[in-house]
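Data block below; observations after.
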Amino acid sequence: MFGPLGISLAPYVRSSKTLSKWIKPIATWYADASGYRKYGFKYDDLIMEENDQVQRALKRLTPQETYDRAYRLKRASHASILHKPLEKEQWTPVSADVRYLKPHVLGVLKEEAERQKWDSITFNKH
C-alpha cells in the first residue's frame with residue numbers, strides 16, 4: 001500500500017506461518033534497535049505529519065489521545081535536547097506500543113477513495 005503509511009508486506013507475512021516464524025524475531029529486534037521506545041514514542045508517533053491525510057486523521061483523535069501524543073512528543077524532545085534517552089521505567093513497553101493512528105488514516109484513505117469514485121461517476125441517458 002502506498003500513501004502516508006508506506007508500503008507494507010505485513011499481510012503477506014502474516015498469512016504464511018513459516019515466513020512469520022522467520023520474520024517476527026527480526027522485526028522485534030529491528031523495533032528495539034530503532035530506539036524510538038527509549039524516548040517514549042509509540043510507532044504511530046513517527047508517521048510524517050506533513051501529509052493531508054495524516055493531518056485529517058490527527059483531527060479525529062480523542063482529546064485524551066491528542067494530549068498523550070503531545071506529551072510523548074514534548075518528553076522525547078526534552079530527552080533529545082539532553083542527548084540521552086528516558087529512564088528505563090519510562091520507556092514505552094512493547095505491550096503499550098499499539099497503532100492508535102493507523103485506523104484513522106485508513107478511514108481517511110477509504111473516504112477519499114469513495115469520494116473519488118462518486119466524483120467520477122457517469123450517468124448514461126437511455
Side-chain angles (χ1 to χ4, degrees):
M1 164 175 74
F2 294 100
L5 298 177
I7 298 171
S8 178
L9 297 174
Y12 177 73
V13 171
R14 285 190 196 114
S15 67
S16 169
K17 287 184 180 183
T18 305
L19 192 57
S20 182
K21 183 176 148 186
W22 283 87
I23 298 291
K24 182 99 171 145
I26 296 169
T28 303
W29 170 83
Y30 182 77
D32 291 339
S34 66
Y36 68 89
R37 291 182 187 140
K38 292 179 184 178
Y39 287 88
F41 283 125
K42 290 185 177 185
Y43 183 79
D44 280 356
D45 294 334
L46 306 176
I47 295 176
M48 297 285 288
E49 292 183 18
E50 290 82 15
N51 189 305
D52 291 336
Q53 293 94 351
V54 176
Q55 286 295 319
R56 287 178 44 207
L58 286 170
K59 291 177 184 175
R60 296 178 180 193
L61 294 176
T62 65
Q64 183 64 45
E65 289 173 328
T66 303
Y67 176 82
D68 291 345
R69 178 182 170 84
Y71 179 75
R72 286 191 303 272
L73 293 174
K74 244 181 205 189
R75 186 174 57 173
S77 295
H78 185 262
S80 177
I81 289 170
L82 297 176
H83 298 288
K84 62 179 184 178
L86 298 172
E87 300 295 324
K88 182 100 173 166
E89 60 273 356
Q90 293 180 330
W91 291 6
T92 302
V94 177
S95 60
D97 191 8
V98 294
R99 303 294 302 266
Y100 68 94
L101 188 58
K102 182 180 178 180
H104 297 292
V105 173
L106 291 175
V108 168
L109 293 174
K110 190 183 286 186
E111 288 171 11
E112 285 184 355
E114 184 178 358
R115 185 175 293 114
Q116 177 65 27
K117 183 179 175 183
W118 282 104
D119 286 348
S120 62
I121 196 167
T122 58
F123 294 99
N124 295 329
K125 229 179 187 182
H126 292 299

Decide side-chain contact (heavy atoms from CB on, under 4.5 Å) for Tyr71 and Lys74; before the verdict, give the C-alpha distance in whole Å, the side-chain angles of both, and the deciding distance to 0.1 Å. CA-CA 5 Å; Tyr71 179 75; Lys74 244 181 205 189; 5.7 Å; no
Would you indicate whether Asp119, at its atom CG, is surrounded by more than 12 heavy atoms from other residues, nucleotides or ligands within a distance under 6.0 Å?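 Correct, the count exceeds 12.
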Out of curiosity, [X] [atom1] to [Y] [atom2], how far, rounded to the nearest 0.5 Å?
| X | Y | atom1 | atom2 | result |
| --- | --- | --- | --- | --- |
| Glu65 | Asp44 | CD | CG | 10.0 Å |
| Arg69 | Thr66 | CZ | OG1 | 8.5 Å |
| Leu101 | Glu49 | CG | CD | 8.5 Å |

Quick one: which residue pairs count as a side chain to side chain donor-acceptor pair (under 3.5 Å) with a foot in residues 13-34, not counting sequence neighbours?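 Residue pairs passing side chain to side chain donor-acceptor pair (under 3.5 Å), neighbours aside: Asp32-Arg37.
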Which residues pass the side-chain contact (heavy atoms from CB on, under 4.5 Å) test with [X], not counting sequence neighbours?
| X | answer |
| --- | --- |
| Leu82 | His78, Lys84 |
| Phe41 | Tyr36, Tyr39, Asp45, Leu46, Leu73, Ala76 |
| Ile121 | Trp118, Phe123 |
| Glu87 | Glu89, Gln90 |

Kindly indicate, with the supporting measurements, whether the criterion side-chain contact (heavy atoms from CB on, under 4.5 Å) is fulfilled by Ile47 and Gln53. CA-CA 11 Å; Ile47 295 176; Gln53 293 94 351; over 6 Å; no
Which pair of non-hydrogen atoms, one from Gly40 and one from Leu86, has the smallest distance, and what is that distance?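 Residues Gly40 and Leu86, closest heavy atoms: N-CD1, 3.7 Å.
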Contacts of Arg75 that satisfy salt bridge (charged side-chain N to carboxylate O under 4.0 Å, His left out) - sequence neighbours left out: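 Residues passing salt bridge (charged side-chain N to carboxylate O under 4.0 Å, His left out) with Arg75: none at all.
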Let me see the working for Lys42 and Asp68 under side-chain contact (heavy atoms from CB on, under 4.5 Å), right down to the final yes or no. CA-CA 10 Å; Lys42 290 185 177 185; Asp68 291 345; over 6 Å; no
Assigning hydrophobic clusters by single linkage (Ile, Leu, Val, Met, Phe, Trp, Tyr; side-chain heavy-atom cutoff under 4.5 Å), is Tyr43 placed with Tyr100?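 Tyr43 and Tyr100: separate clusters.
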Quick one: do Val108 and Leu58 end up in the same hydrophobic cluster if we chain Ile, Leu, Val, Met, Phe, Trp and Tyr together by side-chain heavy atoms under 4.5 Å apart?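 Hydrophobic grouping puts Val108 apart from Leu58.
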Answer whether the closest heavy-atom distance between the side chains of Val54 and Met48 falls below 4.5 Å.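 No - every pair of side-chain heavy atoms lies 4.5 Å or more apart.
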